[in-house]
**Q** 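Have a look at the structure that comes next, please.
For reference, positions follow the sequence shown, starting with 1. Because the structure is predicted, anything quoted here is derived from the model rather than measured.
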Amino acid sequence: MKRIILIISFLITSLFVFSQANISFKILTYGFNPFNDLNKPLYNPNILDSSGFMTYEPGLQVSAEIFNNNTTSAKFITNYNKDQVGFHSGYSQFLIRFQIIDKKKYNFNIGIGPIMHYRKSWQLIPNYQAEKYFIESGISQYKMTWLSGEIEYNYRIHKRLNFSVSLNHIHPRSVGLYFGLKIWFKVKFSSCSTCHSYD
């Protein structure tokens, strides 16, 4: 919990250092598990289909994005959710983001970068089969991945408010669907001539 508070504090502080910034709050709804997993039989009761492809994983994501021009940015994300078996889990992610489409009412972005996944150890579950993906640390498991990603669509509700939908890398072999709001900040001492306009 202390780690999450420190990360959120860092994200908020970062907003005021660069020329253009936003902060997002999103709710995680569903996880998608397209790959074979030895432990898919353990997903019950969170599965939404018989194969375990889709799972209900409620959670909250907080992120901060900082711009120096209109098409590239750095984004910091922290996330907490219940995983496929209902255990506490989360991740911390850093992305370099690129804006692919930018229209008056909407934009589309992709991001790539490293991610740290962590969760309560599944070793505590009867019939759990050990995976190569996670490293054990007490009652927790974690996994560092150097390449992860995000796809995000934003619809402009107001000049400083977007409705945002994204797909994020929530587990080493899963993605999650998020819905939420993005709030834009106009930094007082901006030197960026190509950043998002509020006019």
Side-chain angles (χ1 to χ4, degrees), residues 1-12 23-65 75-95 110-153 163-182:
M1 189 63 184
K2 289 181 181 178
R3 182 184 300 174
I4 293 173
I5 292 171
L6 285 172
I7 292 170
I8 292 173
S9 299
F10 173 74
L11 296 181
I12 293 172
I23 190 166
S24 298
F25 300 91
K26 296 179 185 175
I27 295 172
L28 173 64
T29 52
Y30 304 110
F32 302 95
N33 311 281
F35 300 104
N36 290 329
D37 183 350
L38 295 173
N39 293 294
K40 272 192 177 180
L42 305 179
Y43 289 7
N44 192 47
N46 287 345
I47 59 171
L48 297 174
D49 65 280
S50 59
S51 68
F53 173 79
M54 191 173 182
T55 47
Y56 176 61
E57 302 186 44
L60 176 66
Q61 181 197 94
V62 180
S63 65
E65 187 177 11
K75 188 173 184 178
F76 304 89
I77 299 174
T78 189
N79 176 85
Y80 165 79
N81 67 284
K82 293 294 186 75
D83 63 20
Q84 300 101 320
V85 300
F87 279 11
H88 300 294
S89 70
Y91 61 82
S92 299
Q93 186 178 34
F94 171 76
L95 299 170
I110 61 171
I112 55 172
I115 191 169
M116 173 69 81
H117 292 105
Y118 40 88
R119 69 186 186 187
K120 183 178 177 181
S121 178
W122 286 19
Q123 294 273 18
L124 302 171
I125 305 173
N127 301 318
Y128 170 73
Q129 299 187 56
E131 301 170 278
K132 299 176 182 177
Y133 291 95
F134 283 93
I135 297 171
E136 299 292 329
S137 178
I139 62 168
S140 300
Q141 294 174 310
Y142 67 93
K143 169 67 176 175
M144 180 70 187
T145 303
W146 292 104
L147 185 61
S148 68
E150 178 192 58
I151 301 171
E152 184 181 67
Y153 171 85
F163 172 69
S164 186
V165 180
S166 65
L167 285 173
N168 284 80
H169 186 190
I170 57 170
H171 307 301
R173 290 170 291 175
S174 305
V175 296
L177 179 63
Y178 290 83
F179 299 92
L181 296 174
K182 177 176 290 188

**Q** Taking the side chain as every heavy atom from C-beta outward, state whether E131 and L38 have any atom pair closer than 4.5 Å.
**A** no
**Q** Going by heavy atoms in the side chains, are P114 and Q93 under 4.5 Å from each other?
**A**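 When only atoms from C-beta onward are counted, Q93 and P114 do not touch, as no gap falls below 4.5 Å.
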**Q** Hey, can you tell me if F163 and F179 have their rings parallel, tilted or perpendicular (30° and 60° cut-offs)?
**A**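 Rings of F163 and F179: parallel, as their planes differ by under 30°.
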**Q** Mark yes when over 12 heavy atoms from residues, nucleotides or ligands other than I125 sit less than 6.0 Å from its CD1; otherwise mark no.
**A**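 Enclosed: over 12 neighbouring heavy atoms sit under 6.0 Å from CD1 of I125.
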**Q** Quick one: pull up OG in S63 and CD1 in I23 and give me the separation to the nearest 0.5 Å.
**A** 7.0 Å
**Q** Could you check whether any side-chain heavy atom of E57 comes within less than 4.5 Å of a side-chain heavy atom of K82, counting everything from C-beta outward?
**A**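 E57 does not reach K82 side chain to side chain.
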**Q** Which atom names give the shortest non-hydrogen contact between Q84 and W122, and what distance separates them?
**A**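 Minimum heavy-atom contact is OE1-CZ2, 3.5 Å.
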**Q** State, yes or no, whether a side-chain contact exists between Y178 and V165 at a heavy-atom distance under 4.5 Å.
**A**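 No; the side chains remain at least 4.5 Å from each other.
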**Q** Y56: what forms a side-chain hydrogen bond (donor to acceptor under 3.5 Å, both in side chains) with it, not counting sequence neighbours?
**A**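 In terms of side-chain hydrogen bond (donor to acceptor under 3.5 Å, both in side chains), with neighbours along the sequence ignored, Y56 is linked to no residue.
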**Q** Are the side chain of D49 and the backbone N or O of M54 linked by a donor-acceptor pair below 3.5 Å?
**A** yes
**Q** Where do S89 and R119 come nearest, in terms of heavy atoms and distance?
**A** CB-CB, 3.6 Å
**Q** What distance separates F87 CZ from I139 CD1, expressed to the nearest 0.5 Å?
**A**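 The distance works out to 10.0 Å.
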**Q** Do Q61 and T78 meet the criterion of a side-chain donor-acceptor pair at a distance under 3.5 Å?
**A** no
**Q** Could you tell me whether a side-chain N or O of T29 sits under 3.5 Å from a main-chain N or O of L177, the two making a donor and an acceptor?
**A** yes
**Q** Taking everything shown except L124 itself, do over 12 heavy atoms lie less than 6.0 Å from its CG?
**A** yes
**Q** Once rounded to the nearest 0.5 Å, what's the spacing between atom CE of M116 and atom OG of S92?
**A**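 The OG atom of S92 is 8.0 Å from CE of M116, to the nearest 0.5 Å.
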**Q** Inspect the surroundings of CZ in F94 and state if more than 12 heavy atoms from other residues, nucleotides or ligands are less than 6.0 Å away.
**A** yes
**Q** Is S166 reaching over with its side chain to a backbone N or O of N168, donor-acceptor style, under 3.5 angstrom?
**A** no
**Q** Out of curiosity, S174 OG to F53 CZ, how far, rounded to the nearest 0.5 Å?
**A**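 If we round to the nearest 0.5 Å, S174:OG and F53:CZ are 9.5 Å apart.
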**Q** With sequence neighbours left out, write down each residue that passes side-chain hydrogen bond (donor to acceptor under 3.5 Å, both in side chains) with Q129, or none if nothing qualifies.
**A** none
**Q** Taking atom types as modelled, is there a side-chain donor on E65 or S24 under 3.5 Å from an acceptor on the other?
**A**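 Note: E65 and S24 side chains miss the donor-acceptor criterion.
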**Q** So how far is it from S140 OG to I135 CD1, rounded to the nearest 0.5 Å?
**A** 12.5 Å
**Q** Are K40 and N33 side-chain neighbours, meaning at least one heavy-atom pair lies under 4.5 Å?
**A** yes
**Q** Quick one: are N81 and L60 in side-chain contact, heavy atoms under 4.5 Å?
**A** no
**Q** Identify, with sequence neighbours excluded, every residue that meets ring-ring contact (aromatic ring centres under 6.0 Å, His included) alongside Y133.
**A** none
**Q** I want to check something: taking the side chain as every heavy atom from C-beta on, are V175 and P34 in contact at a cut-off of under 4.5 Å?
**A**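 Side chain of V175 against side chain of P34, heavy atoms only: no contact under 4.5 Å found.
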**Q** Indicate yes or no: does K75 engage E152 in a salt bridge with an N to O separation below 4.0 Å.
**A** yes
**Q** Any side-chain to backbone donor/acceptor pair from N39 onto L42? Under 3.5 Å, distance only.
**A** no
**Q** How close do F35 and R173 get, counting heavy atoms only, and between which atoms?
**A**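 Here F35 and R173 meet closest at CD1-O, 3.5 Å.
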**Q** Over all heavy atoms of both residues, which pair between I115 and H169 is shortest? Give the atoms and the distance, please.
**A**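 Heavy atoms of I115 and H169 come nearest at CD1-O, 3.2 Å.
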**Q** With side chain to side chain contact (heavy atoms under 4.5 Å, CB included) as the test, pick out the partner of Y43 among L48, D37, D83.
**A** D37
**Q** Given the rule in the side-chain contact (heavy atoms from CB on, under 4.5 Å) test, do Y80 and L28 qualify, once you have shown the distances and angles that lead to the verdict?
**A** CA-CA 9 Å; Y80 165 79; L28 173 64; over 6 Å; no
**Q** Ring centroids only, cut at 6.0 angstrom: are Y142 and H117 within range, meaning strictly under it?
**A** no
**Q** With a 4.5 Å heavy-atom cut-off, do Y91 and I77 have their side chains touching?
**A**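 Yes, at least one pair of side-chain atoms sits under 4.5 Å.
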**Q** Scan side-chain atoms only and decide if E136 and S121 contain a donor-acceptor pair under the 3.5 Å cut-off.
**A** yes
